[in-house]
Amino acid sequence: MIKELEEMLKELEEKKQNQEAFKIKRKQIIEEYKSKLTPYHRVQLARHEKRPKAKDFIENIVSEPMFFHGDKLFSDDRSIVGGVGYLGHVPITFIGTNKGKTLEENVEYNFGMPKPEGYRKALRLMKQAEKFNRPIITFIDTPGAYPGIDAEERGQGEAIAINILEMSRLEVPIISVFTGEGGSGGALALSVANKIIMMENSIFSILSPEGFATILWKDGTLYEKATEVMKLTAKDLYDYKIADRVIEEDISFSMKGFQENFARLKEEIIKELESLRKKSPARLVKERQNKYRKIGGGY
Amino acid sequence: MIKELEEMLKELEEKKQNQEAFKIKRKQIIEEYKSKLTPYHRVQLARHEKRPKAKDFIENIVSEPMFFHGDKLFSDDRSIVGGVGYLGHVPITFIGTNKGKTLEENVEYNFGMPKPEGYRKALRLMKQAEKFNRPIITFIDTPGAYPGIDAEERGQGEAIAINILEMSRLEVPIISVFTGEGGSGGALALSVANKIIMMENSIFSILSPEGFATILWKDGTLYEKATEVMKLTAKDLYDYKIADRVIEEDISFSMKGFQENFARLKEEIIKELESLRKKSPARLVKERQNKYRKIGGGY
Amino acid sequence: MEENIRDGRPIISIIKKLRRFKKDFKRMNAPEGLFERCNGCGDLVPKNKIGERFYTCPECDYHFNISSGDRMNMLLDEYKVINRTYKFINPIDFPGYKAKYKENRKKSGLREGILTVEGYLNGIKLVAVALDNRFFMGSMGSYIGEEITRAFEYAGKRDLPILIFSTSGGARMQEGIFSLMQMAKTSIAVERYGETKNLYISCMTNPTTGGVTASFASLGDIMLAEPGALIGFAGARVIKETIKGELPEDFQRAEFLKEKGFLDEIVHRKDMKEYIYKLLKLHGYRSCKG
Amino acid sequence: MEENIRDGRPIISIIKKLRRFKKDFKRMNAPEGLFERCNGCGDLVPKNKIGERFYTCPECDYHFNISSGDRMNMLLDEYKVINRTYKFINPIDFPGYKAKYKENRKKSGLREGILTVEGYLNGIKLVAVALDNRFFMGSMGSYIGEEITRAFEYAGKRDLPILIFSTSGGARMQEGIFSLMQMAKTSIAVERYGETKNLYISCMTNPTTGGVTASFASLGDIMLAEPGALIGFAGARVIKETIKGELPEDFQRAEFLKEKGFLDEIVHRKDMKEYIYKLLKLHGYRSCKG
Ligand SMILES: [Zn+2]
Ligand SMILES: [Zn+2]
């Protein structure tokens with residue numbers, strides 16, 4: 001699907017004569033292509049192996065990042081990266097779920113699926129941020145929490161629940177950015193935020209479309225159908241007022257396109273951060289808690 | 001050694017005629033015996049398999065005890081017992097290190113040597129106590145923290161350090177009772193308290209006498225000599241102002257003797273608790289921290 | 001997750017089977033409806049005996065699923081239902097949700113999978129909530145999320161302890177992201193209630209899984225469970241697929257969770273009332289009735 | 001515990017040994033004192049090269065033990081020694097302690113196993129502490145406990161960051177219970193300092209064990225270590241006796257600890273100054289010198 005667009009753009013480049021006309025034509029092609037994207041396509045884009053991963057987002061948006069390790073309890077879960085750096089001139093703590101671009105990387109990062117120690121590592125870093133009054137930015141790209149024996153043994157459910165509760169009362173600004181796949185409780189456990197920003201082709205869903213189809217229709221192969229009814233695109237989430245901002249994406253899968261996306265996102269985060277940093281700790285907590293209090297409350 | 005005393009008392013009982021005279025004579029024998037106890041004897045008494053264990057102390061001093069389990073992180077360490085109950089009419093949280101009286105029990109309780117999850121379980125229960133404004137009573141009888149691969153892997157040193165720090169700032173009264181062996185950092189991790197009460201024949205030491213002899217003289221069999229120089233008896237600790245109270249013990253190893261010891265201890269705890277409960281949270285923390293600030297500060 | 005319902009344990013020896021066969025033969029010829037098959041030991045056991053024992057098996061202590069109403073009747077001296085401002089909402093316009101909903105209501109006789117009451121336990125006033133897995137397997141959608149949130153708010157405002165009996169297949173798929181958000185909403189309700197320093201006792205019953213395990217149900221000041229209850233986040237099927245292997249026999253059972261450090265205690269249903277009563281008293285709640 | 005000193009790793013292949021033998025032969029015939037045996041790879045390496053590389057091996061990056069003074073010189077632009085109100089105390093009247101003490105002072109040229117300074121790192125003012133294992137193996141007695149406590153108090157009062165480089169055999173046996181109590185005293189000093197919201201960076205160096213690991217050294221806001229450093233609570237010998245078996249090769253090494261989640265980062269000595277500088281800046285500390 002992406003291939004198709006890539007070929008169109010390549011063809012265009014070969015025929016290019018005048019820079020301005022090329023730019024306009026290129027934009028036109030991309031826009032047209034975008035208009036045809038179904039939720040299913042967006043899921044594919046969100047999961048695309050060439051799409052920048054959370055760590056790419058961090059390294060392109062956060063200056064001078066220093067990565068810290070470990071939960072101080074059991075292990076250093078490689079599926080979670082976190083540390084400190086600057087956003088503009090503001091010191092921040094960042095957390096990201098780590099997907100790989102190759103099979104090897106993915107094995108190392110457990111395909112971006114954290115275990116309880118990953119959530120506890122994130123929480124440790126967030127509490128450190130609170131102590132030093134640093135805003136927290138989380139970058140979400142995860143199929144969900146790891147479903148395995150060891151993860152269950154060490155309290156996957158409990159770890160997610162505690163993260164949600166603790167994030168809700170942190171006295172610093174929290175911004176969550178959905179960069180790719182935002183799956184299930186595993187994504188929620190890192191995104192209880194004052195502001196939720198979604199990349200145009202990121203998703204946020206109750207479960208993977210495959211899992212959804214399996215549970216409801218006892219047939220995982222119906223996942224394309226699932227994407228059509230799940231309402232999991234950034235636009236859906238924005239319409240439901242769960243996402244606060246959607247960042248337009250250049251989807252040409254070129255370095256230039258990625259850089260533009262990073263720049264747009266960075267600008268938006270800095271803007272949001274500026275307004276959040278003016279608020280008192282008590283107000284930050286109250287607003288964050290109220291944001292979730294309202295969701296699904298029409299009874 | 002205890003056998004000797006037991007035989008003397010048995011003999012006395014067989015010859016007994018007049019109740020009052022018997023009582024006096026019995027007391028005399030015990031006192032005389034006590035006066036001959038060396039630190040080495042006291043170590044043996046502290047470790048004696050027939051001596052009541054922390055759980056016996058808890059069950060005889062705390063009314064309606066309910067035992068809770070687990071650290072909510074990794075495991076339920078059986079070498080630590082903890083829960084809630086009443087002291088007089090005051091709801092309290094109790095924590096104890098659990099030694100067994102038989103080999104089987106000792107294997108189950110890991111000979112009273114906690115792993116990191118044990119210290120974290122204790123800390124969890126202590127924080128629960130703080131939330132509900134319950135005083136904390138700890139009962140210490142441990143050779144020390146477990147020296148094993150798994151314990152090191154899960155951060156034995158870190159777990160002890162965190163417990164010390166966190167206990168020092170809990171905003172409720174803390175009383176620690178040394179019932180038997182108080183070994184090393186593993187005992188300290190549960191005894192950062194406002195008041196330290198030691199049973200007359202309990203000990204509190206930097207390390208087991210065996211370990212001490214091994215380190216200093218490269219010969220663990222010199223442990224008797226070690227007991228002579230380590231200053232580890234309740235009386236030593238009281239003289240150093242580390243222990244605040246020493247509870248006199250009947251050392252006849254009879255049920256009646258044990259009951260008397262429990263009663264004396266209970267009375268003392270209730271008295272201390274009464275005065276601690278009158279203090280503000282801030283004062284409790286300050287006094288507890290200052291107690292340790294002074295130790296070894298003559299420079 | 002809804003599929004995550006797995007009852008009983010599969011290993012029964014041949015001798016046991018034969019013995020049961022004999023007993024069954026007799027009992028199957030008894031008047032209809034007097035016996036029920038136990039999911040624990042597989043025996044046919046007299047219904048009246050089960051009832052007497054708080055719906056647990058006289059042979060093996062298996063805890064049968066009970067309704068939210070039975071739960072309240074078992075525990076409370078008296079109670080009134082609260083939080084009943086109810087209407088049907090289909091937040092993501094999910095095809096067929098309304099029909100499925102009607103079907104569940106008809107089948108279960110319930111309006112939703114939750115019952116919230118204010119009542120008395122041995123005279124101590126409290127708020128009690130029970131999920132009910134006869135309705136959409138107790139899955140948490142917006143309605144349940146809202147009702148639980150309100151229950152915490154109600155209890156917090158009145159300085160009452162709160163007691164929640166969970167049983168759930170997880171999040172309600174048909175409400176999509178809105179169901180997921182109830183995990184945040186209810187967990188934050190626990191946080192706010194916690195600020196009032198009142199006591200929240202959470203008891204997990206068979207089965208409690210998915211989004212309910214990963215939110216309010218895991219956040220009790222005291223964490224209890226009924227014996228044998230299946231408790232977990234991920235479903236057994238998903239885990240088996242992921243690890244491509246079998247699961248240990250007691251995997252995700254209450255006893256397993258206690259050993260792993262996530263439960264304060266496992267309490268038999270017959271002792272539940274007394275156990276909770278002791279906890280309430282210890283936390284300073286007093287009987288306010290004659 | 002003092003005995004817990006274990007240097008280097010034993011497994012060296014025969015080929016490596018042969019190659020080393022050749023090199024050694026040449027170097028042993030060189031002018032005396034120009035080469036030093038590396039505990040990491042076993043090579044004889046030129047002393048001046050080691051010095052240039054912050055006392056690390058040019059062949060294998062093994063980090064040699066360095067003195068507290070060298071540590072400060074390596075990191076700081078300038079500094080003054082603080083907390084030097086010193087006298088000898090034998091708190092439990094331990095036989096022979098005084099003589100042993102004198103011997104240690106003579107051998108090491110130090111007054112105690114700790115150096116505390118106020119200084120500047122790239123212009124940023126801070127308090128820095130280094131333990132020194134040439135004196136009683138860096139074991140913590142009352143003096144060290146008191147000095148560390150005062151260092152935290154000094155830094156807290158002046159809103160300065162604090163930096164501690166630990167190396168220790170554990171608690172000082174000769175001071176008995178008083179040494180043990182320094183674990184509480186120093187940990188409480190960390191707690192009080194933490195209330196000022198200033199930054200405490202703890203760096204564990206080879207070896208850090210026993211009571212130091214189980215107190216202030218594990219309580220840094222940021223936990224660092226040097227490569228290959230032995231870090232643990234219980235001594236290797238005790239553990240071997242307890243489990244009656246061998247220990248894994250990388251057991252209690254910094255790399256092992258990082259994998260197990262107890263270190264934020266392992267930092268090569270040559271990068272240490274820059275790494276700490278970045279941390280200080282990020283935490284809002286600014287250069288106060290031209
Ligand atoms: Zn049965
Ligand atoms: Zn080397």
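Model, not experiment: these values are computed from the prediction.
Inter-residue side-chain proximity for B/Lys231 and D/Ile177 is flagged as unmet; no heavy-atom pair is nearer than 4.5 Å. You'll find the side chain of B/Phe204 reaches within 4.5 Å of the side chain of D/Met181, heavy atoms only. Counting heavy atoms from C-beta outward, D/Ile92 and B/Met230 have side chains that stay 4.5 Å or more apart. By the 4.5 Å heavy-atom criterion applied to side chains, D/Ile188 and B/Arg288 are not counted as neighbours.
Looking only at heavy-atom pairs under 4.5 Å with chain B, the residue among D/Glu241, D/Arg192, D/Glu259 that has the most is D/Arg192. Each of D/Met223, D/Lys87, D/Glu147 has some count of heavy-atom pairs under 4.5 Å with chain B, and the biggest count is that of D/Lys87. Chosen from D/Thr242, D/Thr186, D/Ile239, D/Ile231, the residue pairing most often with chain B at heavy-atom distances under 4.5 Å is D/Ile239. The greatest number of non-hydrogen atom pairs below 4.5 Å with chain D, out of B/Gly155, B/Gly185, B/Ala145, is found for B/Gly155. Across B/Asn163, B/Val192, B/Ile162, B/Ile164, the residue that shares the most heavy-atom pairs under 4.5 angstrom with chain D is B/Ile164.
Across B/Phe212 and D/Met173, no two heavy atoms sit closer than the pair CE1-O, 3.3 Å. Of all heavy-atom pairs between B/Arg169 and D/Glu195, the closest is NH1-OE2, 4.0 Å. Minimum interatomic distance between B/Tyr292 and D/Ala184 (heavy atoms only, all atoms of both residues): CD2-CB, 3.5 Å. When all heavy atoms of D/Ser215 and B/Ala161 are compared, the closest pair comes out as O-CB, 3.5 Å. The shortest heavy-atom contact between D/Leu180 and B/Ser205 is CD2-O, 3.8 Å. The nearest pair of heavy atoms linking B/Gly148 to D/Ile243 is CA-CG2, 4.3 Å.
B/Ile160 CD1 to D/Met183 CE: the interatomic distance, rounded to the nearest 0.5 Å, is 5.5 Å. Note that the CG atom of B/Leu188 and the OG atom of D/Ser187 stand 7.5 Å from one another [nearest 0.5 Å].
Heavy atoms closer than 4.5 Å to chain D are found in both the backbone and the side chain of B/Asn290. Both the backbone and the side chain of D/Tyr143 come within less than 4.5 Å of a heavy atom in chain B. With a 4.5 Å cut-off on non-hydrogen atoms, D/Phe216 does not touch chain B at all. Residue B/Ile149 touches chain D through both its backbone and its side chain, counting heavy-atom pairs closer than 4.5 Å. With a 4.5 angstrom heavy-atom cutoff, D/Pro91 touches chain B only via backbone atoms. The contact between B/Leu165 and chain D is made by backbone and side chain atoms together, counting heavy-atom distances below 4.5 Å. With a 4.5 Å cut-off on non-hydrogen atoms, B/Leu237 touches chain D through its side chain but not through its backbone.
More than 12 heavy atoms of other residues, nucleotides or ligands sit less than 6.0 Å from atom NZ of B/Lys131. More than 12 heavy atoms of other residues, nucleotides or ligands shown are found within 6.0 angstrom of OH on D/Tyr200. At most 12 heavy atoms of other shown residues, nucleotides or ligands fall within 6.0 angstrom of atom OH in B/Tyr238. Atom NZ of B/Lys279 has more than 12 heavy atoms from other residues, nucleotides or ligands within 6.0 Å.
B/Glu152 places a side-chain N or O within donor-acceptor distance of the main-chain N or O of D/Ala234, the cut-off being under 3.5 Å. At least one donor-acceptor pair closer than 3.5 Å links the side chain of D/Lys185 to the backbone N or O of B/Ile295.
Ring orientation note: the planes of B/Tyr299 and D/Tyr86 are close to parallel, at an angle under 30° on the 30°/60° scale. Using a 30° and 60° split on the angle between ring planes, D/Phe94 and B/Trp217 fall in the parallel class, below 30°.
Contact check on B/Arg293 versus D/Glu146 returns a salt bridge, with a Lys/Arg side-chain nitrogen under 4.0 Å from an Asp/Glu carboxylate oxygen. We find that B/Glu158 and D/Lys260 are not joined by a salt bridge, their nearest charged nitrogen and carboxylate oxygen being 4.0 Å or further apart.
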